[in-house]
Amino acid sequence: CLALSLIVIMRESDFRALILLNLFGIFICIINVYRHNFSKRSLRLLTHIFFTLPIVLLFLSITIGLNPFRLLDDSIFSSFSLGNETIKMAGDSRSYFYSEIYNHLCKYKALLWGTTPGIGYETSLANVDNDFYEMLKVGRIDTEIGILEFFHYGGLINVALLLFFFLTFVKNVFKRSKNYFSYVVCVYVAFRWFFLFMEGDIIMYMQWISLFIVMGLFCNHNMLDMTDNELKATMKYHFRKGFN
């Protein structure tokens, strides 16, 4: 897994979201290897940080005009060279989505409940001189940003329900679970919430499917009641059974 993540980072270095996902995967591996350095309390804190950080950044953006998508600008991490190619890690390609969705919902007075995917929003991309963008002139449906799609389709109520769903899952795991791995899963779920503010449009692909499979497994009381050794033995048994 580590080798594959490093290969992806090197080969897809101009895809910032993919780099972030793979760096997080490496971080999860580090937690599992050096688990004696990461207590249940520290994992709970990390989980809450991932849940809180995007809300704090959004609040700062509204109140003082901070643009979190431009934090890398003019920094040593804004670009780097890979062979003969210069990879640009900075550059804001997201904040206009937030403005367009917000203006769209204000136009229809639907900040609370959204307008569903049936009503597309006006986008600046429709002004691009290309036949491909002709369809965008009647309104764009997707935003490429998961949390904005929840906001667009169901307003603040939809976003609040999603956050409540994630928080309820995490609270139940930290309260009931007897195995360490489930705490790591909580960090993963919280990171997925954090990542929704940058990417993760709502389509049925493996990132979403695997997220809900994992959450479903750790909503099971039998999984939560297992110790780490019991969980490890159970997983080994099912893997062997599956291969046979």
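Keep in mind it's a predicted model, so treat the numbers as computed, not measured.
- In the displayed structure, K178 atom NZ is contacted under 6.0 Å by at most 12 heavy atoms of other residues, nucleotides or ligands.
- Contact check for V184 versus N32: side-chain heavy atoms found under the 4.5 Å cut-off.
- Clustering ILVMFWY residues whenever any of their side-chain heavy atoms sit less than 4.5 angstrom apart, transitively, puts I119 in a cluster other than the one holding Y121.
- Hydrophobic cluster membership is shared by F195 and F165, with clusters built from Ile, Leu, Val, Met, Phe, Trp and Tyr side chains linked at under 4.5 angstrom.
- Each salt bridge (Lys or Arg N to Asp or Glu O under 4.0 Å) pair with one or both residues in residues 144-173, not counting sequence neighbours, appears once here: R94-E144, R140-E144.
- Note: S177 OG to K40 NZ = 7.5 Å, rounded to the nearest 0.5 Å.
- For F194, the ring-ring contact (aromatic ring centres under 6.0 Å, His included) partners at least two apart in sequence or on another chain are F50.
- For the pair V170 and W193, the minimum side-chain heavy-atom distance is 4.5 Å or more.
- Annotation: side chain of L162 is in contact with side chain of L196 (closest heavy-atom distance under 4.5 Å).
- Closest non-hydrogen pair, E100 versus T123, comes out as OE1-OG1, 3.2 Å.
- Side chains of I147 and M198 form no contact here, defined as non-hydrogen atoms less than 4.5 Å apart.
- Taking hydrophobic clusters as Ile, Leu, Val, Met, Phe, Trp and Tyr residues chained together by side-chain heavy-atom distances below 4.5 Å, I55 shares a cluster with L148.
- In this structure, L231 and M226 approach most closely via the heavy-atom pair CA-SD, 3.8 Å.
- Placement of F51 and L45 in two distinct hydrophobic clusters is found when ILVMFWY residues are connected by side-chain heavy-atom separations under 4.5 Å, directly or transitively.
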Taking distance alone, no hydrogens or angles, what donor-acceptor pairs closer than 3.5 Å link side-chain atoms of residues 211-221 to residues at least two apart or in another chain?
| from | atom 1 | to | atom 2 | distance (Å) |
| --- | --- | --- | --- | --- |
| N220 | OD1 | N222 | N | 2.7 |
| N220 | OD1 | M223 | N | 3.4 |

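- Taking 4.5 Å as the limit, every side-chain heavy atom of Y237 sits out of range of all side-chain heavy atoms of M235.
- Here the NE2-CG distance, from H152 to D142, works out to 10.0 Å after rounding to the nearest 0.5 Å.
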Quiz: residues 56-70 side-chain donor-acceptor pairs under 3.5 angstrom, not counting sequence neighbours:
| from | atom 1 | to | atom 2 | distance (Å) |
| --- | --- | --- | --- | --- |
| S61 | OG | L66 | O | 3.1 |
| T63 | OG1 | F59 | O | 2.8 |
| N67 | OD1 | F69 | N | 3.0 |
| N67 | ND2 | D92 | OD2 | 3.0 |
| R70 | NE | D73 | OD2 | 2.9 |
| R70 | NH2 | D73 | OD2 | 3.3 |

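- Hydrophobic clustering keeps L112 apart from F164 (ILVMFWY residues linked when any side-chain heavy atoms are closer than 4.5 Å, directly or through intermediates).
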Legend entry - Verdict with reasoning, Y180 to I31, per side-chain contact (heavy atoms from CB on, under 4.5 Å): CA-CA 10 Å; Y180 183 87; I31 290 178; 3.6 Å; yes
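- Distance check, rounded to the nearest 0.5 Å: CG of L167 to CG of N172 gives 12.5 Å.
- A side-chain N or O of T115 and one of H104 form a donor-acceptor pair less than 3.5 Å apart.
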Legend entry - Chi angles and distances behind the side-chain contact (heavy atoms from CB on, under 4.5 Å) call for V187, F38: CA-CA 12 Å; V187 177; F38 296 90; over 6 Å; no
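- A donor-acceptor distance shorter than 3.5 angstrom exists from the side chain of N22 to the backbone of L18, with no hydrogens or angles considered.
- By the ring-ring contact (aromatic ring centres under 6.0 Å, His included) test, Y183 is found to be paired with F174, residues two or more places apart in sequence or in another chain being considered.
- Atom CG of N158 is separated from atom CH2 of W113 by 14.0 Å, given to the nearest 0.5 angstrom.
- For the side chain to side chain contact (heavy atoms under 4.5 Å, CB included) with F24, the qualifying choice from L21, I26, I28 is I28, the only one to do so.
- Using a 4.5 Å cut-off on side-chain heavy atoms (C-beta onward), T227 and N179 make no contact.
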Inset, instruction - Could you walk me through whether L111 and Y102 pass side-chain contact (heavy atoms from CB on, under 4.5 Å), step by step? - result: CA-CA 8 Å; L111 287 174; Y102 177 75; 3.9 Å; yes
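- Contact annotation: the side chain of Y98 approaches that of I145 to within less than 4.5 Å [non-hydrogen atoms, C-beta and beyond].
- Listed by chain and number, the residues in a ring-ring contact (aromatic ring centres under 6.0 Å, His included) with F97 amount to none (sequence neighbours excluded).
- Considering every non-hydrogen atom in both F169 and V189, the closest pair reads CE2-CG2, 3.7 Å.
- In this structure, the separation between NZ on K232 and CZ on F181 is 12.0 Å, given to the nearest 0.5 Å.
- For the pair L20/F191, a side-chain contact is recorded, criterion being any heavy-atom separation below 4.5 Å from C-beta on.
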Inset, instruction - Tell me, with the steps shown, if K107 and E122 meet side-chain contact (heavy atoms from CB on, under 4.5 Å). - result: CA-CA 11 Å; K107 175 182 176 181; E122 295 179 8; 3.3 Å; yes
